[in-house]
Amino acid sequence: MSRPVLDVQDLKKIYGTGEATVHALRGVSMTVHRGDYVAIMGSSGSGKSTLMNILGALDIPTTGSYKLDGVEVGTLSDAQLALARNRLIGFIFQAFNLIPRTSAVANVELPLAYAGVKPTERRRRALAALDIVGLADRADHEPNQLSGGQQQRVAVARALVTEPALLLADEPTGNLDSKSTDDVLKVFDDLSAAGRTIVIITHENEVGARAKRLVRLVDGAIVTDVRQSPIDLPPVGAAAAHARVQAVAAGHVAAGHAVAVRAGGTTYGSPAGSEWNGGRHSS
Amino acid sequence: MNFFEVVRFSLRGLSANKLRSALTMLGILIGVAAVILLVAVGNGSAKAISDRIEALGTNTITVMSTGRGGSSSTALTKKMADALIDPELAPDIKSVSPVVSASSATMTYEGSDHSVSTFVGTTPAWFAASSTPVEKGASFTEDDVNQGRRVVVIGQTVAEELFPGVDPIDKQVTVSGALFTVVGVLKEKSSTGFQDSNDTAVAPLTAVQQVLAGYGSLTSIIVEAKDPDKVDAVQSEVSTILDQQLNVSSTSSSGNSNSTPYRIQNASSLLETQTETADTFTTLLGAVAAISLLVGGIGITNIMLVTVTERTREIGIRKALGAPRRTIMTQFLIEATLLSVLGGALGVAAALIGSHFTIVGVKPVIVPSSIGLAVGVSIAIGLFFGGLPAARAARLRPIDALRYE
Ligand SMILES: Nc1ncnc2c1ncn2[C@@H]1O[C@H](COP(=O)(O)OP(=O)(O)O)[C@@H](O)[C@H]1O
Ligand SMILES: [Mg+2]
């Protein structure tokens, strides 16, 4: 198997000093390979966003190593970081974070502009990305003329327009109703089916169940890391997810999939592709 | 991303935030225009004052009594004025005009009346000496003065007040119960300050003494030199003669010292003092202008700072999408520059247009350096407060910029 898209080792993040110190991450290690679709779940305050921001090179860890596509992110200069954010990562925020009073297509074009793509080519690719998320007809609308679900789909289009190695989404459906949630998740399923690597944060079981792999975070540490479906097959989608939600809720693990519990500093490494069956427990 | 593209980004940024852009430009516009106009008004009034003094004629001197209450021993009399016409003792004097003036004489014509603010009684030489030519009709003659004929030359304001749409020449007006015949109208004079110099009437000395002022002392004597260079000579000649007339013991009297019962005012020295006064006035207005620039600057700063949160978040988004720091700084600096320069240019335009109008009775005269100062300071403020927060935000980690509140 090729080198992992994302490889973090013993990641720690401490906010504040003295009395106000918060250990948001207490040594997280995780490897994500190309084509995987990972859902990170956990209660509020468990450190999901903190982890995601570090993965997106938007923030830096207090200690620990983060390799993006084999490159140690901590050693990158500001300009190289900008390049990495632009070329390797597509980040989707819970709050959409579209540029206000700027049309959908202009928002989607933005990463391409920073990548130095010519205007005509830029426009063509932005429209293609909007087409993928089903918003080609809303290209000229400004964010405040779009529904939440539509805004988030514009944000998804913006994240994938540069064809990044890694799509990161922090509770992308957190502000959406169930219909819009389905629209957005459908886009993720399609992208995953097309071979994109996706890491998504969610607190909804329905969302987590669709992913190929489910990681649970408690108090800044990974407690479970479950392979739900093979990395090289398309994700199971909504129908199967529904059945799995029942099982997860009942405390079981879906048949044919194993659990990897990770504690302390031990690393969980995903074995290659479909051989994933035996699972591994470490203590 | 090349520079041209960054400029396009800046333009798009400006048009995406029209209200903010407009308010920022308005702030700069007001700051710039206020400074330029205020300084221009100060300069304009200073200029008007000096023009007016120059119009008085730089080859005349004015003798006034310093005695209060018209004490007979110090008063200027017609006899003294006549004594000044002496080719032997005073060869450089061209003309001597004794003046009595009455303030607020009411002039009546066919039921309408007007209070003339200065009613002057003098001799015909006065018109030339005081640079007050007659526009319509004629001035009175030496003979009129000798005969004490009741004729009058009126100023523009009086003509407009009493004879709207009527030719005032040969009309009869009543002043203090006496009938005067209007023989001429004075040419319009520029006036400065609160007194309207066109609200005047001029009549023969004798007539005015008879009707209004009485045969007492003169208000002043205007002495005209043959040549502007001879003004100083004339001044000492006048002193000598007046000292004789008034029996002033001090032979070294210059005419200006406090010991003499009269005072000699000469237009060029008056001009000097007035220029000083005008300079003070301009400085004062400059201070007012500086304050308005400060206020304008605070306005610009405010609107810039109010939007810092939004801009910082936007910069966070752009950084998350992979914008390099330099590109962001360039974009926001270009935005700030465009706003400041455009606002400054509009401010200059507004000031130039405004300077064509008369403001509080003063015709503004633009001081070029004030344009440079106002534009420079405003642009500096715009660049600083537009550029600084952007530069700071561009240095933040994207997540900190996104969280900024
Ligand atoms: N900027 C910050 N400053 C201080 N504490 C923070 C900051 N961001 C997050 N935290 C703390 O870190 C912990 C994890 O936060 P977060 O990663 O946002 O959790 P989640 O996204 O899982 O809800 C929380 O206790 C939160 O209060
Ligand atoms: Mg969160």
Side-chain angles (χ1 to χ4, degrees), chain A residues 13 15 24 49-61 77-103 106-119 122 142-144 155 158-162 164 168 170, chain B residues 1-24 306-332 334-335 339 390-405:
Chain A
K13 179 74 180 180
Y15 288 115
S49 295
T50 304
L51 175 62
M52 197 58 129
N53 292 335
I54 293 170
L55 296 184
L58 306 180
D59 204 353
I60 52 168
S77 70
D78 188 79
Q80 289 170 316
L81 273 176
L83 208 63
R85 288 179 199 125
N86 188 242
R87 307 289 164 87
L88 299 179
I89 301 167
F91 204 103
I92 299 153
F93 300 88
Q94 179 175 354
F96 319 144
N97 279 345
L98 298 178
I99 307 249
R101 297 178 287 279
T102 305
S103 70
N107 261 288
V108 176
E109 274 185 18
L110 213 51
L112 293 176
Y114 291 127
V117 177
K118 293 267 170 306
R122 208 154 77 193
E142 294 182 0
N144 63 1
R158 186 178 64 180
L160 60 85
V161 74
T162 52
L168 302 174
D170 187 350
Chain B
M1 207 176 177
N2 62 28
F3 184 74
F4 177 69
E5 281 236 52
V6 181
V7 173
R8 277 200 2 192
F9 262 55
S10 310
L11 289 175
R12 194 177 297 168
L14 291 180
S15 65
N17 301 288
K18 289 191 187 64
L19 183 66
R20 181 176 81 199
S21 305
L23 284 176
T24 310
V306 160
T307 57
V308 157
T309 306
E310 193 193 288
R311 305 186 128 209
T312 304
R313 289 183 55 85
E314 182 185 327
I315 287 172
I317 298 172
R318 288 175 183 273
K319 285 203 83 168
L321 297 179
R325 184 190 301 170
R326 202 165 33 83
T327 308
I328 291 181
M329 301 243 284
T330 315
Q331 179 194 334
F332 282 79
I334 291 174
E335 281 190 20
L339 284 184
R392 215 189 41 196
R395 241 179 283 117
L396 290 177
R397 266 178 234 150
I399 198 67
D400 293 330
L402 282 168
R403 276 204 201 109
Y404 187 86
E405 266 164 9

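Note on naming: letters A, B, ... go to the chains in the order of the sequence lines (proteins, then strands), and numbering restarts at 1 for each one.
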Open item on the list: How close do A/Ala106 and B/Arg12 get, counting heavy atoms only, and between which atoms?
Closed with: CB-NH1, 4.0 Å

Task: Nearest heavy atoms of B/Glu310 and A/Pro100, plus distance in Å - done: OE2-CG, 4.4 Å

Task: chain B contact via A/Asp78 - which portion, at a heavy-atom distance below 4.5 Å - done: side chain

- [ ] Please assess A/Leu58 against B/Lys319 for the test side chain to side chain contact (heavy atoms under 4.5 Å, CB included), listing each intermediate value before the final yes or no.
- [x] CA-CA 8 Å; A/Leu58 306 180; B/Lys319 285 203 83 168; over 6 Å; no

Open item on the list: Looking at every heavy atom in both A/Ala113 and B/Phe9, which two are closest together, and how far apart are they?
Closed with: CB-CZ, 3.5 Å

Task: Per-residue contact mode, A/Leu98 against chain B (heavy atom under 4.5 angstrom) - done: backbone

TODO: Using a heavy-atom cutoff of under 4.5 Å, enumerate the residues of residues 395-405 of chain B that contact chain A, numbered in order, or state 'none'.
DONE: B/Arg397, B/Pro398, B/Ile399, B/Leu402, B/Arg403

- [ ] Test B/Ile317 against every option in A/Ile99, A/Leu110, A/Asn107 by the side chain to side chain contact (heavy atoms under 4.5 Å, CB included) rule and name the one that passes.
- [x] A/Ile99

Open item on the list: Report which part of A/Arg87 has an atom under 4.5 Å of a heavy atom belonging to chain B: side chain, backbone, both, or neither.
Closed with: neither

TODO: Quick one: closest heavy-atom pair of A/Ala82 and B/Pro324, and the distance?
DONE: CB-CA, 3.9 Å

Open item on the list: Please classify the contact of B/Arg318 with chain A as side chain, backbone, both or neither, using a heavy-atom distance under 4.5 Å.
Closed with: both

Task: Region of A/Asn53 that comes under 4.5 Å of a non-hydrogen atom in chain B - done: side chain

- [ ] Hey, could you give me the OG1/CG distance between A/Thr102 and B/Asn17, rounded to the nearest 0.5 Å?
- [x] 7.5 Å

Open item on the list: Could you measure the distance from the CZ atom of A/Arg101 to the CZ atom of B/Arg20? Nearest 0.5 Å is fine.
Closed with: 6.5 Å

